[in-house]
Asks: 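I have a structure I would like to understand better, so I am pasting it below and will then ask my questions one at a time.
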There are 2 protein chains.
Amino acid sequence: MATQPTRADARGNRARILEVAEEVFGRGGSAASTEEVARLAGVGIATVFRHFPTKQILLEAVVVRHFDRLCRRAQSLAESDDPGPAFFDFFGQIVADAAGKLAIIEAFTDAGGDVNGKAGQGPRDLREAVGVLLRRAQDAGAVRTDIGLDEVHALLVGVSRAVAHIRLDERARARALEIIFDGLAPGDSWRQPRS
Amino acid sequence: MATQPTRADARGNRARILEVAEEVFGRGGSAASTEEVARLAGVGIATVFRHFPTKQILLEAVVVRHFDRLCRRAQSLAESDDPGPAFFDFFGQIVADAAGKLAIIEAFTDAGGDVNGKAGQGPRDLREAVGVLLRRAQDAGAVRTDIGLDEVHALLVGVSRAVAHIRLDERARARALEIIFDGLAPGDSWRQPRS
DNA sequence: GAATATACGGAGTGGAGACTTCGGATGGCA
DNA sequence: TGCCATCCGAAGTCTCCACTCCGTATATTC
């Protein structure tokens with residue numbers, strides 16, 4: 001893995017490239033070209049390849065960054081006093097900004113990347129953090145106890161992908177989420193209002 | 001749109017190309033090459049391009065065929081005497097073989113296609129057929145009445161994409177479906193507005 | 001304000017893949 | 001069986017894009 005460069009301009013460029021890459025690949029998927037990233041970042045192509053020797057590696061870096069952020073968000077929510085809302089909040093937030101973000105992960109896997117492999121600790125950490133969120137929500141009686149992380153994961157990814165794919169207006173998205181939340185709620189106490 | 005060719009060999013080739021293309025693009029997405037389609041179909045590249053002047057057009061033809069089949073399935077289920085199971089059956093079936101099929105649609109949109117545009121009547125017909133399924137299931141009291149086609153569509157696409165994307169084992173997939181089905185079912189003391 | 005290691009940019013290079021060309025084969029019909 | 005319109009395939013062309021080379025610029029250090 002490329003170490004942090006020592007010169008200030010190099011560090012700045014590296015950061016800017018990562019930033020732009022997230023946007024560009026989020027929009028165009030893996031079909032977007034490295035050259036466009038370079039142009040929008042205001043650097044030459046060579047600079048991009050100096051920092052990230054391969055398009056694949058660049059994508060990986062973007063994905064890692066993304067997982068990091070998600071994970072931190074989940075961890076901070078896990079410290080909430082209100083585990084039920086925290087869980088559903090996280091779910092809703094992920095879905096809300098899924099549109100561009102998912103395209104990045106797709107781009108990464110399209111390019112032959114394995115999210116559970118080299119992409120580092122990210123996905124595992126995120127999974128763990130969501131697991132904590134889930135367990136606490138279940139302990140608090142806000143989520144049915146007969147489901148596990150796998151199912152939640154499936155739903156999370158699924159709804160995100162749906163939202164990213166079809167043009168759902170605000171209302172329809174909220175509705176779809178509501179259906180899933182109702183399905184996640186425990187049988188009898190599912191009438192409790194959620195944030 | 002290319003008209004059906006008159007000579008028998010040409011018709012046969014066209015059919016075989018379509019068949020193979022569905023499999024190839026289902027596996028490799030839009031990244032799969034036209035050349036591979038030709039090779040597996042046992043014809044030259046030129047033959048593929050003669051029948052489908054553009055990769056995009058080939059993808060479109062595959063997608064149209066796919067929607068046609070889905071639509072017919074929905075229509076035949078819509079005539080069932082048991083609207084509730086019919087609806088959930090269709091849902092489950094779609095999800096079950098989503099893996100390869102979805103990649104095709106993705107490939108099509110990746111290549112700049114618009115599923116709701118030129119791809120013809122397919123998606124609209126399918127939507128309508130699902131609408132009938134839904135309405136009948138609602139009339140039979142098997143599905144809550146406060147949701148519409150948009151939400152069902154979102155869930156359908158979402159779960160399909162989730163299943164196609166992550167490697168869910170049989171059990172986890174069934175669980176995820178169960179959650180959604182629970183969410184779709186009518187509750188008794190139903191309403192309580194949530195944000 | 002030099003010296004120098006570090007970083008930069010633009011002009012290549014090579015390969016992959018969508019699409020074309022054209023001489024040759026062949027199904028369909030008399 | 002023989003004619004010919006239709007169809008086929010191998011060998012291109014052309015464009016795009018990931019990745020490299022090398023001469024130039026500039027942060028940093030003294």
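Because the structure is a prediction, the values reported are computed rather than measured. Letters go in sequence order (proteins before strands), and every chain restarts at 1.
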Asks: Between A:Thr6 and C:dA7, does any side-chain N or O lie under 4.0 Å from OP1 or OP2?
Replies: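 The answer is yes; a side-chain N or O of A:Thr6 sits under 4.0 Å from OP1 or OP2.
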Asks: Identify the two heavy atoms, one from A:Gly92 and one from A:Phe181, that lie closest to each other, and give their separation to 0.1 Å.
Replies: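 Between these two residues, the closest heavy atoms are N-CZ, 4.3 Å.
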Asks: Tell me which one of B:Leu134, B:Leu184, B:Val130 satisfies side chain to side chain contact (heavy atoms under 4.5 Å, CB included) with B:Phe91.
Replies: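 Among B:Leu134, B:Leu184, B:Val130, the one meeting side chain to side chain contact (heavy atoms under 4.5 Å, CB included) with B:Phe91 is B:Leu184.
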Asks: Which pair of heavy atoms, one from A:Ile147 and one from A:Gln138, lies closest together, and at what distance?
Replies: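 Shortest heavy-atom separation between A:Ile147 and A:Gln138 comes out as O-NE2, 3.1 Å.
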Asks: Without decimals, in angstroms, what is the distance between A:Lys55 NZ and C:dA16 P?
Replies: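 In whole Å, C:dA16 P lies 15 Å from A:Lys55 NZ.
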Asks: Regarding A:Ala46, tell me which of base, sugar-phosphate or nothing describes its non-hydrogen contacts under 4.0 Å with the strands shown.
Replies: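 Base, at least one base heavy atom under 4.0 Å.
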Asks: With nearest nucleotide decided by heavy atoms, which residue, A:Arg7 or A:Val43, maps closer to the 5′ end of DNA chain C?
Replies: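 Of the two residues, A:Arg7 wins.
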Asks: Could you tell me whether A:Gly12 contacts a base, only the sugar-phosphate backbone, or nothing, with contacts defined as non-hydrogen atoms closer than 4.0 Å?
Replies: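 Here A:Gly12 touches no strand at all.
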Asks: Is there a side-chain polar atom (N or O) of A:Thr47 under 4.0 Å from OP1 or OP2 of C:dG9?
Replies: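 Affirmative; the distance criterion is met.
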Asks: Judged by each residue's nearest nucleotide on DNA chain D, which is more toward the 5′ side, B:Gly44 or A:Ala31?
Replies: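 Result of the comparison: B:Gly44.
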Asks: How close or far is atom P of C:dA16 from atom CD of B:Glu36, stated in whole angstroms?
Replies: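 Interatomic distance, CD of B:Glu36 to P of C:dA16: 14 Å.
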Asks: Could you tell me the separation between the NE2 atom of A:His51 and the C1' atom of C:dC8, rounded to a whole number of Å?
Replies: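 Those two atoms, NE2 and C1', are 9 Å apart.
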Asks: Give a yes or no on whether a donor-acceptor pair under 3.5 Å exists between the nucleobase atoms of D:dG9, that is its base, and the side chain of B:Arg50.
Replies: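 Answer is yes: a donor-acceptor pair is held.
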Asks: Without decimals, in angstroms, what is the distance between B:Asp9 CG and D:dC8 P?
Replies: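 Rounded to whole Å, this separation is 5 Å.
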Asks: Using a strict threshold of under 4.0 Å (side-chain N to carboxylate O), is an ion pair present between B:Arg27 and B:Glu23?
Replies: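 The answer is yes: the pair qualifies as a salt bridge.
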Asks: Between the side chains of B:Arg127 and B:Asp150, is the shortest nitrogen-to-carboxylate-oxygen separation below 4.0 Å, so that they form an ion pair?
Replies: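 Salt bridge present between B:Asp150 and B:Arg127.
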Asks: For the pair made of CG in B:Asn13 and C1' in D:dG9, what is the distance, rounded to whole Å?
Replies: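 Result: 11 Å.
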Asks: Using a cut-off of less than 4.0 Å, is there contact between a side-chain N or O of B:Thr34 and OP1 or OP2 of C:dA18?
Replies: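 True: B:Thr34 side-chain N/O within range (under 4.0 Å) of C:dA18 OP1/OP2.
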Asks: Using atom CZ of A:Phe49 as one end and atom P of D:dC21 as the other, report the distance to the nearest whole Å.
Replies: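 It is 13 Å, rounded to the nearest whole Å.
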Asks: Using atom CZ of B:Phe52 as one end and atom P of C:dT20 as the other, report the distance to the nearest whole Å.
Replies: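 Taking atom P of C:dT20 as the reference, CZ of B:Phe52 is at 16 Å.
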Asks: Expressed as a whole number of angstroms, how long is the span from B:Glu35:CD to C:dC19:P?
Replies: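 It works out to 13 Å between those atoms.
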